[in-house]
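Everything below concerns the one structure shown next.
Since this is a predicted model, take the numbers as computed values, not measurements.
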Amino acid sequence: MELSLHMKQDDKSNSISSDWFSSVDKSSSASDVQSLLVVISEIMKLSIITGNENFITIGCYFYRVSSVITEVESPDTTTNPAETLLSLSECIYTAKSLLSNCNTKPISAIIKQLEILIKQMSKVLNSIKSSSRNYFHFAVQSLVQDINGFSLEASENDMLGNSYANETDLYSINDFGNFTDDETETSYVTNFQSKEPLYEAFFCPLTKKIMDDPVTVETGVTYERVAITQWFAKFSNPADIVCPKTGIKITSQLFNRNIALRETIKQWEERDEQASIKAARSALSLLSSKPVILEALHNLQNLCRKKIYNVVEIRTAGIIPLLATILKHEDGDVKCETLELLRQLTENDDEDEGKEMIARTVDLSGIIQNLSSQVERIRHSALLLLVEISKGQYFCDKISSITGGVLMLITLKYRQPVDAFASQKVDAILKNLEMSPSNIKIMAENGHWQPLLHHFLEGNDETKMEMASYIGEIFLGNDDEIKAYVAETALPGLIQMVTDGNSLARNVAFRALKQISSHHENGKILVKSGTISNMFNEIFKRRIYDEPTDSKAEAAGILANILESGSVVLNDLQVDHKMSLDFIIYNIVKRVGNSMPDELNVNFVRILLCLMTFPKTKEIIVSVVKENHACTSIIELLNNPNEELQVVSLVFCIALSPFLGHTLADKLCKTRGQPQALLHDLPETTPPTEKQAVSVTFLAKLPHENITLNLALMNMIPLILRKMDQVQKSGTRMSKYGSTYFEGLVGILVRFTATLYENQFLILAKNFSFTTVFTELLMNTSSDEVQRLSANGLENLSLKTVTLSKPAQIKKPKFRKFSFLQKCCSFDSRSNFEIAPLCPVHKGSCSSQETFCLLEAKAVKKLLICFDHRNVQVVEAALSAICTLLHERVDLDSSVSMLIQEKAIQHILNVIKEHKDESLRQKSFWMLEKLLMEGDDKLTSEISQDRFLRATLINVLHYGNGDIRMASFSMEDFVGTGSLQKLLPKLLDDGWDDVPTLKIMNSEDMNAINMTQQQKDALEIRSYLHDRSLMQYADKLEASGKCLAELLNLASSDLSAQFAMKRGHIARFMDRTSQCDTDPIPASFSLPSRKPRVPPSRNSSLFKSTQSISARPKLQAMSTRSTINYDATIEQSMADFKIKDGYVYKGVVAALPDEPRACGCIQPPPIVEDVAPYSSIENISVQKLTPEYKIGMERLVKIKTPPMRVSDLWRDKPALLLCIRRPGCIMCRAEAHKLYSKKPIFDSLGISLFAVLHEHIESEVRDFWPRYWGGVVLLDKNMDFFKALGGGSLLKDKFISGFLFNPRARANYKRAKDMGIEQNFKGEGEIKGGLFIMGKGRSGVAYQFIERNFGDWAPLSEIIEIGTRLKVRDFWPRYWGGVVLLDKNMDFFKALGGGSLLKDKFISGFLFNPRARANYKRAKDMGIEQNFKGEGEIKGGLFIMGKGRSGVAYQFIERNFGDWAPLSEIIEIGTRLKNQELDNDYSITSQDYE
C-alpha cells in the first residue's frame, strides 16, 4: 500500500520515457549540482521502499557518487566539470526513472539496466583527474574499482533473498523494507561490523569471538589459546579434563597451533578492515545522519587503535578530506569524535606526513575556533589534535597566518577559572610553536613573553639579536605586571649588548631599551638597573664614529623617557664624582642648538624639561641658560622645520618664562619672523595641533608687562579675536588641544591689559571692547583657566576706570536755525543744560567701552557667581576684580549698596565656607570688613546672625593659618632633609643637642667640627627662618644652593615663583630686623651669638626692692613707668639690688592700673601685690611629664614618673618655672617658645627651665613638647603654684570680660598670632599663670611674675638680668670685690699666648704636673670652695697697664695651672708707675724674676 501511494505521488517521474535523454535540458541539469543530489536522495528512498536487497546495494553506489559530485567543480580538477556532470546526470535521472517503474516492469530487467548504468558511471568517474588533491583521486579510483567488481548474476528469487553468503567487497544492508526510519538507520549502522563473510570456524567455542591465536586440542577442536588454557585450569585433576565442545576426556594438555586457520583469519581481517574503511568513507557525509556518522567514526578509531598500518590505509583512502567536511557538523559529539580520529591519524607519524596532510587539508581556523567552545570535551579534543599537529613544521609556519590563532591559545591558557588540562596542553602547543621565530614574536604581541625572553637569555648571539629586535618592535601592552616582567628580565642583557656588543647589536639593544623606557611604569626598574649611568656614559664619554646609528640620540631618548616616568630622584643622577649635575646640565645646555641633529636636540630638551621639575636642577638650568646666553639658541629652535623640536622647545621656553621671561621675550622679538610666525599658521576650521596650542600658550605665559613683546603682537589682536570667535562657534575647543589653545588666545589678550598705561594699548582696549569680551568669557566657557584670565583682565581694566571716568559733562541744547531764541528768550539758564548720567560708584561718566566700568559691562553679577567656583584661582581672581570696586578712590557708600543689592554677602560667606585657602579668607574678611564699615545696622545684624559665619570665625580662631608653622624645637624638624641631616650625629656628640644651642654656633665652632660651606649656609638659613616662624620654607630655600645674603637680595616675585612663598611670608622674610620675640636682652649680658642683637624694646619694666619675705610687703603703686639703665656697671646696679636672705623681686608688666573695660561697664580684677612665701612653694608635689628634649627622648613621654618634691629642682642650681595657663593656648605657646629659644643664655647662667601645667591632657602634652617647649614639663596636680601666684587662691578671669572686652589681651593675642602659632581650645583656660625664678638651695624666690591680662609675658630683659645677678653672686663679692668684665672674644687670653689661646689638658697639665698639683694644694689649704662649671683648659695671666697709651707695664703668664704672679712684683710695678719711673717701652715680666 505504501509503495503504491508513493508511486502515485511520482506519476510525473513515471512519465519519463526511454527517449528522456533527447528531451531533457542537459546543460541546465548538468549545472545544477544541488538538483542532482536531491535526485540521488530520492533514488535512495525508492531503493529502500522496494525492500529488494539488490536495489539497496545499487542505491548505496549512487550515494557514494554524490560525494564525488560535490567535489567535481573544484578548480583543481583538470577535467571539464560541466561535461562530467552532464554524463552523470543522464545516468542518475535514468536510474530514478527505472526505480519509479519497478511495479510495472520485471525486476530482473530493471536490475540489468541499473547495472549497465552503474558501469557507465564508472567510466565517467574514471575519466576525472585532479592536479593536486591526491586524496580526491584516491577516493574516485577506489569507487571505480568497487563498481568494476560489482555484478548481479543471481536469479530473481535469489535477488530477493538473503545475500549474506555472497562474498563481495560491498557491505550488505538487510531488511530495510520492514523497519521505520529509525530502525533503518540502526540496521544500517550495525552492518558496519563485518563486511566480509564470517565462518563459524573463526569463532572460539568458548569465547564466541574471532580467535587471535587458534590452537587445536587432541579432540581436533580449535580454541583460543588463552580460553582453553583457562578451561584446563578449572580442573584440579588432569584426568577429569574434557573437551568443552565434544565432552570427550583429554589426556594430553599439549596444543597444536592452527597456523592455517590463523592465516585465514588474518587475511579475512585485512579484507574486512579494507571493507570497513570503504564503508565508513561512504558514510562520512553531511547528508548522513548522526548515528551513521558516529558509527563510521568509531569504526575508524577502532581500526587505528588495532593496527598502525590501518592509520596509513585510512590516510591514503581519502578519509581526511571527508573528516574536514564532517568538522562542520553542528553536533558536538560528531565534532569530538572527528577531532579524536584526526588525532589518531597523526600518531606514529615519524615523517610528519599525516600531520602535514591534516594541516593542508583541514581548516585549521575551524579547529582553533573549537577552543572557544563552551563544551569542555570539544575544547580538549581540539587541544589534543593541535598538540600532535603542532609538532610538524608545516603547522608552525602556517599558524602565524591564522588570524587570532595564537591569541586563542594564550587566552585559553590564562582563562579563569583555570582548566588544568587545557593549560597543560596549551603549554605543549606553544612550546612546539617555538620552532618558528615568527610564532615567538606573535606570542609576545599577544602578551605571552616567556618564550621570547627565554630565547633572548639562552639563545646564541644571532638569536639574541633577533629577540632584542622583537622587543624593540612590540608594544608591551597595558598590563603593568607584564611590563615589569619584560623590563626586569631583559634589561641586564640589553645593557650588556649596549656596553660590549657590535654596532648591529647595539642598534637593536638601543631600540629595545627605548621601547621599554617608553612605558613609564618601568621607570623604577630602569633606575635600579643602572641604565641612567650607562646612558650618560654614551652621551658624554663614548666616542665611536663608524656606527650606523647615532647612539647619543638613542641614549638621550632613553634617558628622557626614564626622567619623564617620574621615578627619578636627584641622587639617581649622580653618576660619579666626575659627572656632577652641574657638569651634565652645562653640557646639555651647551649642545642644544640648530647645529645638532634634530633628534638629539629633541631628546636634550626633553631631559632639561624633566630636570626643571626638581628645585635644585631647575636653579642650575636657569643659571646655566642665563650665564651662557642660551636663550638665543633655544629661541632659534622655534624656526626649525622639525615640528616635534618646535613643540618641545616651546614647552621648555614656557618652563623658563617665570625666571627668564623678559630675556626670552626680548630674544623672541629679535628673532627673524618672530613672534608673528607663532600666530600665522593658526587653524581656520580644523582642530588645533599641539604646536599651535603651545605657541599661543608660550606667548600668554611671557611677562605681561613686557612692552616690546606687546608692541610686536599689537597688530595681531584682530586675528586673535577672530580665532577665539571661530573656536567658540566651531566647537574645536573639545578637541585634544582645543582647550589649551583657547586658553592661550585668552592669555595673549589679557597681557595687553597689563600695559594700559601706554596710550596705544589703552586705545586698543577701547576699540575692541575688552571689557565686553572678558565679561562674556566669564560665563561662556567651561575652562577654569579662561575664567581666571578673564577675571584678571577685568581687574586690570577696572583699575583704570577711576582715572578714565570723566567728570559730569553738561550737554547744551542745540539751536540750529533758531539760535537767536537763545539770546532773546529770558528763561532760567540752568534749563538750557542737560547733565549726563553719572556712574554711582566712580562718580563720573562711565561706559564699558571707554572707561571699562564693570557696572556698565554687567560684569559684577558674573564675577560674584565665580565666587561659588570650586577652583581657588578662579575665586581669587574674581575677588580681586570685585575688590577694585571697594577702592579708596570710589564712592564706597554706593559701591557697598550696589554689592549688597547683588547679594555679595552670601557669595563672600560661601567663599569662607568652601575654601580654607588663607589668601582667599584674607580677601573675604577684608571685603566683609569694608561692607560692615560702610554698611548700615541692618547689614551688621544680618551678618552677625549668620550661624555659619560665627562657626567659621571660631574655626579660624582655633586653627589660624594652616600654612604657617611655628618653629619647632625638635632637632629633626630643624635640620630637615638637607645637608645638616648627615651632620646630626656629630653635632650630638659635640653637645649641640638642642635647637637654641645650635642656633648660637659661631664660625669657630663650625670650623671645629669641619662644617662645609654648604652646611654653614644651611644653618644660617634655618636659624634665620626659625626666628621668623618660616620653617616650612627651610628645605626649599636650602635646596636652592644660595646663601642667606643671596636669598635676601632676591626680588619678591622670585621668592614667590621659585619657592611658592606667600606675600605675607615674604614681608616677614625680607624684614631683617624682625624676630618672633620682641623683648630685649639686657646690654649688660653678653653671649657669643651668630645673630645681631635686637634693639631694646620700648616696653621695659620695673624692678623693685622690698622688705623681708616674712613681712609679706605690698608693692607700691607706680604712677609712671621707670626704666633700667642697662649701660650702668654691675657695681652700680648691685648697690641698689642685693640678693640676700629676706629680699625678693617681682616684675610687673602692667605697672599702671588697668583701664576700665567696655566703657567702664566691666571693672578689671583686683591686683595681687603679695609675693608668694617660700614656705608655700618648697613642699609642692609635682610629677615629671617629659624629660628635657634630646633626640630619641620622644618615647619617654609615655613613661610615668613618681611624684617628687619641687624644691629638689633648685637644690643645686637656680630654676625658672613657667606656669602655663593652658598648653593649647596660642599666647601660652608663644611665651613658652620665646622663653625656651633663649635656652643657651639660661644654660650659661646656670638656670634650669621648667614648664608647669595644672592638668594632664596627653594629646596636649605631645603637641606642646618639644614643639613649643623643649625643657622638662611638670604637672602641678593640686595647682599649688597657681594658687601661690594668687596669694593663696586661683586667679581667674572670664573669656568675655577678660579677653573680648580687654584691649590688652587682644593685643597679646595678635602678637602671638603674628608668630604663626597654631592653637586649640582644649582644657581649662581661665586660670591665670605666671613665672617664678627660684634661687639656689633655700635662697627663696628671686623673681615672680603674675599674668594680669591674658597673654602677658614676663619681660625677657628682667628675667636675664635676674639670672645674671644670680650668676655673679657666686664669685662676686665673695672672692673678688672689684669690677668683673667679660672678654667675649677672649682677646686678652689670646694676647697672653702671642695671638692664640694657651691650652693644656687636664691629664698632662695637672695630673702629671707636680707644680700644678702643688698650686692646687696651696689653694685648697686656704679653705676655698670650687666647682667644675665652664671651660677650664684655657690658661690665664695678668696685665698691668700704664696710664693712657703708655702700654703694658707688666705681664704675667700662667705657665702651670694655678701659677700666681708674685705679689712683690706687682707692688713694685705699681710703685714705679706711681713714681713715674717707667717709660713707655719698658716692662717687667715674671721671667725677669725667675
Side-chain angles (χ1 to χ4, degrees), residues 406-407 410 413-414 427 430-431 433-539 542 547-549 551-568 572 575 603:
V406 176
L407 176 61
I410 295 172
K413 173 180 174 64
Y414 298 104
D427 286 339
L430 295 176
K431 185 67 177 177
L433 296 180
E434 292 180 23
M435 290 186 292
S436 173
S438 61
N439 290 337
I440 297 176
K441 181 180 179 182
I442 295 173
M443 292 180 204
E445 289 174 342
N446 289 283
H448 186 53
W449 283 87
Q450 288 88 343
L452 189 149
L453 296 175
H454 173 75
H455 284 77
F456 174 73
L457 296 176
E458 304 297 335
N460 54 32
D461 292 343
E462 184 179 354
T463 303
K464 286 184 176 181
M465 287 181 58
E466 186 174 11
M467 297 300 112
S469 66
Y470 291 161
I471 296 175
E473 297 172 7
I474 301 172
F475 176 68
L476 299 184
N478 299 318
D479 192 331
D480 293 345
E481 293 184 2
I482 291 178
K483 296 174 188 175
Y485 170 68
V486 174
E488 290 175 351
T489 307
L491 275 177
L494 292 173
I495 294 175
Q496 186 68 27
M497 291 174 68
V498 168
T499 306
D500 303 329
N502 55 35
S503 59
L504 294 178
R506 282 165 49 80
N507 185 16
V508 297
F510 273 124
R511 292 181 181 177
L513 286 172
K514 193 172 183 179
Q515 177 66 260
I516 293 174
S517 64
S518 65
H519 300 273
H520 293 169
E521 297 82 359
N522 294 330
K524 292 182 179 180
I525 301 172
L526 288 160
V527 172
K528 188 177 179 181
S529 66
T531 307
I532 292 179
S533 61
N534 284 277
M535 296 305 106
F536 275 132
N537 290 333
E538 287 290 333
I539 296 173
R542 192 177 183 96
E547 292 188 356
T549 182
S551 63
K552 295 185 183 300
E554 297 287 351
I558 295 167
L559 190 59
N561 289 340
I562 298 174
L563 289 170
E564 288 172 353
S565 70
S567 304
V568 181
D572 298 329
V575 179
N603 294 329

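The distance from atom CE of M443 to atom OG of S438, rounded to the nearest 0.5 Å, is 9.0 Å. Note that the CD1 atom of I516 and the CD1 atom of I471 stand 5.5 Å from one another [nearest 0.5 Å]. The structure places CE of M465 at 8.5 Å from CG of N507, a figure rounded to the nearest 0.5 Å. A distance of 9.5 Å separates NE2 in H448 from CG in L433, rounded to the nearest 0.5 Å. For the atom pair F510 CZ and Q515 CD, the distance stands at 16.0 Å (nearest 0.5 Å). The distance from the CG atom of N522 to the CG atom of L513 is 11.0 Å, given to the nearest 0.5 Å.
Side-chain contact check for S551 versus R506: some heavy-atom pair is nearer than 4.5 Å. The side-chain heavy atoms of E445 and K441, taken from C-beta on, include a pair separated by under 4.5 Å. Side-chain contact between H520 and E564 is present, with heavy atoms from C-beta onward closer than 4.5 Å. Contact of the V498 side chain with the L494 side chain is not registered, since no non-hydrogen atoms from C-beta on lie closer than 4.5 Å. In this structure, I558 and N534 have side chains that are not in contact, with every pair of non-hydrogen atoms separated by 4.5 Å or more. Under the 4.5 Å side-chain criterion, counting only non-hydrogen atoms from C-beta, S567 is not in contact with I562.
Looking at E466 and Y470, their side chains do bring a donor and an acceptor atom within 3.5 Å of each other.
Checking side-chain atoms of N537 against main-chain N and O of S533 turns up a donor-acceptor pair under 3.5 Å. A donor-acceptor pair under 3.5 Å is absent between the side-chain atoms of H454 and the main chain of Q450, judged by distance alone. Between the T531 side chain and the V527 main chain, no donor and acceptor come within less than 3.5 Å of each other. Looking only at distances, a side-chain donor or acceptor of N446 sits under 3.5 Å from a matching main-chain atom of I442.
For CG of D480, the number of neighbouring non-hydrogen atoms (other residues, nucleotides, ligands) closer than 6.0 Å is greater than 12.
Between K552 and E538 the shortest heavy-atom distance is NZ-O, 3.2 Å. Across F475 and H519, no two heavy atoms sit closer than the pair CE1-CE1, 3.2 Å. The two residues I474 and A444 make their nearest non-hydrogen contact at CD1-CB, 3.6 Å. When all heavy atoms of S518 and N561 are compared, the closest pair comes out as N-ND2, 3.8 Å. Nearest heavy atom pair, residue A553 against residue N603, reads O-ND2, 2.8 Å. Smallest separation of non-hydrogen atoms from I440 and E434: CD1-O, 3.7 Å.
Between E554 and R511 no salt bridge is recorded (no basic side-chain N to carboxylate O distance below 4.0 Å).
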Inset, instruction - Verify side chain to side chain contact (heavy atoms under 4.5 Å, CB included) between W449 and L452, making sure each step is shown before the conclusion. - result: CA-CA 5 Å; W449 283 87; L452 189 149; 4.2 Å; yes
